[in-house]
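Data first, discussion second: the structure below is written as C-alpha coordinates.
What's counted below: heavy atoms across the whole structure, side chains too, no hydrogens, waters or symmetry copies.
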Amino acid sequence: AQTVTQSQPEMSVQEAETVTLSCTYDTSESDYYLFWYKQPPSRQMILVIRQEAYKQQNATENRFSVNFQKAAKSFSLKISDSQLGDAAMYFCAYRPSYGNKLVFGAGTILRVKS
Amino acid sequence: DGGITQSPKYLFRKEGQNVTLSCEQNLNHDAMYWYRQDPGQGLRLIYYSQIVNDFQKGDIAEGYSVSREKKESFPLTVTSAQKNPTAFYLCASRRSGTSDSYEQYFGPGTRLTVT
(Lines give C-alpha, C1' and ligand atoms only; values in the text may rest on other atoms or scores of the structure.)
Protein backbone atom coordinates (compact mmCIF):
# COMPACT_ATOMS: atom_id res chain seq x y z
CA ALA A 1 0.00 0.00 0.00
CA GLN A 2 1.13 3.50 -0.73
CA THR A 3 1.97 5.71 2.21
CA VAL A 4 2.86 9.38 2.58
CA THR A 5 4.94 10.64 5.49
CA GLN A 6 5.33 14.21 6.68
CA SER A 7 7.90 14.13 9.45
CA GLN A 8 7.46 17.73 10.63
CA PRO A 9 4.26 18.22 12.68
CA GLU A 10 4.97 21.95 13.00
CA MET A 11 7.27 24.50 11.38
CA SER A 12 7.83 28.20 11.94
CA VAL A 13 9.21 30.83 9.61
CA GLN A 14 9.84 34.53 9.85
CA GLU A 15 7.93 36.70 7.41
CA ALA A 16 9.88 37.18 4.15
CA GLU A 17 12.11 34.19 4.89
CA THR A 18 12.17 30.79 3.15
CA VAL A 19 10.91 27.53 4.60
CA THR A 20 10.96 23.95 3.34
CA LEU A 21 8.37 21.33 4.25
CA SER A 22 9.34 17.69 3.91
CA CYS A 23 7.40 14.80 2.43
CA THR A 24 8.40 11.24 1.62
CA TYR A 25 6.25 8.54 0.08
CA ASP A 26 6.36 4.86 -0.56
CA THR A 27 5.12 3.27 -3.76
CA SER A 28 6.04 0.56 -6.23
CA GLU A 29 4.42 2.48 -9.09
CA SER A 30 6.56 4.28 -11.63
CA ASP A 31 3.93 6.72 -12.86
CA TYR A 32 2.04 8.89 -10.41
CA TYR A 33 1.19 12.42 -9.31
CA LEU A 34 2.21 14.31 -6.20
CA PHE A 35 0.46 17.30 -4.68
CA TRP A 36 0.76 19.88 -1.95
CA TYR A 37 -2.52 21.17 -0.53
CA LYS A 38 -2.92 24.09 1.85
CA GLN A 39 -5.62 24.18 4.52
CA PRO A 40 -5.90 27.63 6.15
CA PRO A 41 -7.96 28.24 9.32
CA SER A 42 -11.10 28.38 7.16
CA ARG A 43 -10.41 24.66 6.51
CA GLN A 44 -10.92 25.05 2.76
CA MET A 45 -8.45 22.76 0.99
CA ILE A 46 -6.53 24.61 -1.72
CA LEU A 47 -4.20 23.03 -4.26
CA VAL A 48 -0.78 24.68 -4.03
CA ILE A 49 1.28 22.77 -6.55
CA ARG A 50 1.41 19.44 -8.37
CA GLN A 51 4.13 17.32 -9.92
CA GLU A 52 3.92 14.56 -12.49
CA ALA A 53 6.42 11.80 -11.71
CA TYR A 54 7.48 11.43 -15.35
CA LYS A 55 8.63 15.06 -15.46
CA GLN A 56 12.18 15.64 -14.30
CA GLN A 57 11.72 19.39 -13.99
CA ASN A 58 10.57 20.55 -10.59
CA ALA A 59 7.21 22.33 -10.55
CA THR A 60 7.03 26.00 -9.62
CA GLU A 61 4.07 28.26 -8.87
CA ASN A 62 5.11 31.81 -8.01
CA ARG A 63 6.67 31.65 -4.51
CA PHE A 64 6.09 27.91 -4.21
CA SER A 65 8.43 25.30 -5.65
CA VAL A 66 9.13 21.65 -5.09
CA ASN A 67 12.23 19.52 -4.90
CA PHE A 68 11.18 16.20 -6.41
CA GLN A 69 13.67 13.38 -5.93
CA LYS A 70 12.08 10.31 -7.55
CA ALA A 71 14.77 7.81 -6.59
CA ALA A 72 14.65 8.94 -2.98
CA LYS A 73 10.84 9.18 -3.07
CA SER A 74 11.03 12.65 -1.65
CA PHE A 75 8.81 15.63 -2.50
CA SER A 76 9.57 18.75 -0.44
CA LEU A 77 7.82 22.12 -0.73
CA LYS A 78 9.78 25.36 -0.59
CA ILE A 79 7.96 28.59 0.21
CA SER A 80 9.98 31.70 -0.58
CA ASP A 81 9.32 35.20 0.78
CA SER A 82 6.87 33.81 3.33
CA GLN A 83 3.77 35.85 4.00
CA LEU A 84 1.35 35.90 6.91
CA GLY A 85 -1.28 34.41 4.62
CA ASP A 86 0.87 31.32 4.15
CA ALA A 87 0.12 30.23 7.71
CA ALA A 88 -1.86 27.01 7.36
CA MET A 89 -1.75 23.25 7.54
CA TYR A 90 0.03 21.80 4.52
CA PHE A 91 -0.71 18.31 3.24
CA CYS A 92 1.36 16.25 0.87
CA ALA A 93 -0.65 13.80 -1.25
CA TYR A 94 0.01 11.03 -3.75
CA ARG A 95 -2.07 9.47 -6.51
CA PRO A 96 -1.07 6.72 -8.95
CA SER A 97 -1.65 7.63 -12.59
CA TYR A 98 -4.38 5.09 -13.12
CA GLY A 99 -5.88 5.29 -9.68
CA ASN A 100 -8.64 7.40 -8.23
CA LYS A 101 -7.62 7.73 -4.63
CA LEU A 102 -5.48 10.41 -3.09
CA VAL A 103 -3.29 9.28 -0.19
CA PHE A 104 -2.54 12.08 2.25
CA GLY A 105 0.21 12.65 4.77
CA ALA A 106 -0.65 13.72 8.31
CA GLY A 107 0.10 17.37 7.58
CA THR A 108 2.51 20.07 8.74
CA ILE A 109 1.31 23.18 10.57
CA LEU A 110 3.18 26.22 9.28
CA ARG A 111 3.33 29.31 11.50
CA VAL A 112 4.53 32.61 10.06
CA LYS A 113 5.97 35.18 12.47
CA SER A 114 5.81 38.89 11.79
CA ASP B 1 -19.55 30.64 -9.86
CA GLY B 2 -18.61 26.98 -10.22
CA GLY B 3 -17.75 25.05 -7.11
CA ILE B 4 -18.65 22.55 -4.46
CA THR B 5 -21.10 23.29 -1.69
CA GLN B 6 -21.48 21.40 1.53
CA SER B 7 -24.25 22.07 3.97
CA PRO B 8 -24.57 22.72 6.76
CA LYS B 9 -21.20 24.03 7.96
CA TYR B 10 -21.85 22.77 11.50
CA LEU B 11 -24.09 19.84 12.40
CA PHE B 12 -25.02 18.49 15.80
CA ARG B 13 -26.69 15.15 16.45
CA LYS B 14 -27.49 12.88 19.31
CA GLU B 15 -25.82 9.51 19.51
CA GLY B 16 -27.83 6.77 17.81
CA GLN B 17 -29.27 9.02 15.10
CA ASN B 18 -28.40 8.76 11.44
CA VAL B 19 -27.39 12.01 9.79
CA THR B 20 -26.92 12.94 6.13
CA LEU B 21 -24.30 15.41 4.92
CA SER B 22 -24.95 17.19 1.67
CA CYS B 23 -22.46 17.68 -1.18
CA GLU B 24 -23.34 19.39 -4.45
CA GLN B 25 -21.07 20.41 -7.33
CA ASN B 26 -21.75 22.42 -10.48
CA LEU B 27 -18.35 21.75 -12.05
CA ASN B 28 -19.71 18.95 -14.25
CA HIS B 29 -17.19 16.60 -12.67
CA ASP B 30 -17.66 12.86 -13.02
CA ALA B 31 -15.91 11.69 -9.87
CA MET B 32 -16.81 12.63 -6.31
CA TYR B 33 -15.23 11.76 -2.97
CA TRP B 34 -15.88 11.89 0.76
CA TYR B 35 -13.04 12.30 3.25
CA ARG B 36 -12.90 12.39 6.99
CA GLN B 37 -10.39 14.58 8.84
CA ASP B 38 -9.45 14.08 12.49
CA PRO B 39 -7.01 16.20 14.52
CA GLY B 40 -3.40 15.27 13.86
CA GLN B 41 -4.30 13.06 10.92
CA GLY B 42 -4.48 13.55 7.21
CA LEU B 43 -7.61 13.05 5.21
CA ARG B 44 -8.94 9.52 5.01
CA LEU B 45 -11.14 8.35 2.17
CA ILE B 46 -14.62 7.11 3.11
CA TYR B 47 -16.31 6.53 -0.26
CA TYR B 48 -15.86 7.63 -3.85
CA SER B 49 -17.93 7.54 -7.01
CA GLN B 50 -16.66 7.71 -10.57
CA ILE B 51 -20.02 7.79 -12.32
CA VAL B 52 -23.70 8.08 -11.50
CA ASN B 53 -25.23 5.04 -9.77
CA ASP B 54 -21.82 3.60 -8.95
CA PHE B 55 -19.60 4.03 -5.89
CA GLN B 56 -16.76 2.24 -4.11
CA LYS B 57 -15.66 1.93 -0.51
CA GLY B 58 -12.61 3.82 0.59
CA ASP B 59 -10.34 3.02 3.50
CA ILE B 60 -12.83 3.72 6.32
CA ALA B 61 -16.30 2.98 4.91
CA GLU B 62 -17.69 1.13 7.93
CA GLY B 63 -20.62 2.98 9.47
CA TYR B 64 -21.16 5.19 6.42
CA SER B 65 -23.34 4.97 3.32
CA VAL B 66 -23.62 7.02 0.12
CA SER B 67 -25.74 7.36 -2.99
CA ARG B 68 -25.07 8.87 -6.41
CA GLU B 69 -28.38 9.33 -8.18
CA LYS B 70 -27.35 12.55 -9.91
CA LYS B 71 -24.00 13.63 -11.31
CA GLU B 72 -23.93 16.79 -9.23
CA SER B 73 -24.89 15.26 -5.87
CA PHE B 74 -23.14 12.79 -3.56
CA PRO B 75 -24.72 12.74 -0.09
CA LEU B 76 -23.05 10.91 2.80
CA THR B 77 -25.04 9.27 5.59
CA VAL B 78 -23.32 8.74 8.90
CA THR B 79 -25.16 5.87 10.52
CA SER B 80 -25.48 4.94 14.18
CA ALA B 81 -23.05 2.09 13.47
CA GLN B 82 -20.17 4.56 13.10
CA LYS B 83 -18.41 4.38 16.46
CA ASN B 84 -16.67 7.76 16.41
CA PRO B 85 -18.65 10.01 14.06
CA THR B 86 -17.48 13.37 15.43
CA ALA B 87 -15.10 14.75 12.79
CA PHE B 88 -14.67 17.21 9.96
CA TYR B 89 -16.01 15.87 6.65
CA LEU B 90 -14.78 17.05 3.27
CA CYS B 91 -16.31 16.41 -0.10
CA ALA B 92 -14.27 16.62 -3.31
CA SER B 93 -14.79 16.20 -7.03
CA ARG B 94 -12.60 15.60 -10.05
CA ARG B 95 -13.08 15.82 -13.79
CA SER B 96 -11.99 12.69 -15.61
CA GLY B 97 -10.93 12.10 -19.17
CA THR B 98 -9.11 15.42 -19.63
CA SER B 99 -5.62 16.74 -19.03
CA ASP B 100 -6.78 18.16 -15.70
CA SER B 101 -8.09 14.85 -14.52
CA TYR B 102 -5.68 14.51 -11.68
CA GLU B 103 -6.74 17.48 -9.57
CA GLN B 104 -9.38 17.16 -6.88
CA TYR B 105 -11.38 20.22 -5.87
CA PHE B 106 -12.68 20.40 -2.33
CA GLY B 107 -15.79 21.79 -0.71
CA PRO B 108 -15.68 23.90 2.46
CA GLY B 109 -16.45 20.94 4.75
CA THR B 110 -18.98 20.07 7.45
CA ARG B 111 -18.08 19.79 11.10
CA LEU B 112 -20.21 17.02 12.65
CA THR B 113 -20.50 16.74 16.41
CA VAL B 114 -22.31 13.78 17.94
CA THR B 115 -23.04 13.79 21.66
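Among B/Gly107, B/Ala31, B/Gly58, the residue making the largest number of heavy-atom pairs under 4.5 Å with chain A is B/Gly107. For the set B/Arg44, B/Gln56, B/Gln37, the entry with the most heavy-atom pairs within less than 4.5 Å of chain A is B/Gln37. The candidate with the highest count of non-hydrogen atom pairs below 4.5 Å against chain A, out of B/Phe88, B/Tyr35, B/Tyr48, is B/Phe88. Counting heavy-atom pairs under 4.5 Å between each of A/Arg43, A/Gln6, A/Lys101, A/Gln39 and chain B puts A/Arg43 at the top.
For A/Ser97, no part lies near chain B; criterion is any non-hydrogen pair under 4.5 Å. In this structure, chain A has heavy atoms under 4.5 Å from both the backbone and the side chain of B/Leu43. Only the side chain of B/Gln50 comes within contact range of chain A, with at least one heavy atom under 4.5 Å from a heavy atom of that chain.
A/Phe35 places none of its side-chain heavy atoms less than 4.5 Å from the side chain of A/Ile49. Contact check for B/Leu27 versus B/Arg95: no side-chain heavy atoms found under the 4.5 Å cut-off.
Between the side chains of B/Thr113 and B/Thr86, no donor-acceptor pair of N or O atoms lies under 3.5 Å. Judged purely by distance below 3.5 Å, without hydrogens or angles, the side chains of A/Thr27 and A/Tyr32 never pair a donor atom with an acceptor atom.
More than 12 heavy atoms of other residues, nucleotides or ligands lie within 6.0 Å of CG in B/Asp54, so this atom counts as buried by the packing criterion.
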Which donor-acceptor pairs under 3.5 Å do the side chains of residues 75-91 of chain A make with protein atoms, sequence neighbours left out?
unit_1: A/Ser82; atom_1: OG; unit_2: A/Glu17; atom_2: O; d: 2.8
unit_1: A/Asp86; atom_1: OD1; unit_2: A/Arg63; atom_2: NH2; d: 2.8
unit_1: A/Asp86; atom_1: OD2; unit_2: A/Arg63; atom_2: NH1; d: 2.8
unit_1: A/Asp86; atom_1: OD2; unit_2: A/Arg63; atom_2: NH2; d: 3.3
unit_1: A/Asp86; atom_1: OD2; unit_2: A/Gln83; atom_2: N; d: 2.8
unit_1: A/Tyr90; atom_1: OH; unit_2: A/Asp86; atom_2: O; d: 2.7

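Residue B/Tyr33 forms a side chain to side chain contact (heavy atoms under 4.5 Å, CB included) with just one option from B/Leu45, B/Ile46, B/Leu90, and that option is B/Leu45.
A centroid separation of less than 6.0 Å is found between the aromatic rings of B/Phe106 and A/Tyr37.
Of residues 104-114 of chain A, those residues with a non-hydrogen atom less than 4.5 Å from any non-hydrogen atom of chain B are, in numerical order, A/Phe104, A/Gly105, A/Ala106.
Of the inter-residue distances, the one linking A/Phe68 atom CZ with A/Gln57 atom CD reads 13.0 Å to the nearest 0.5 angstrom.
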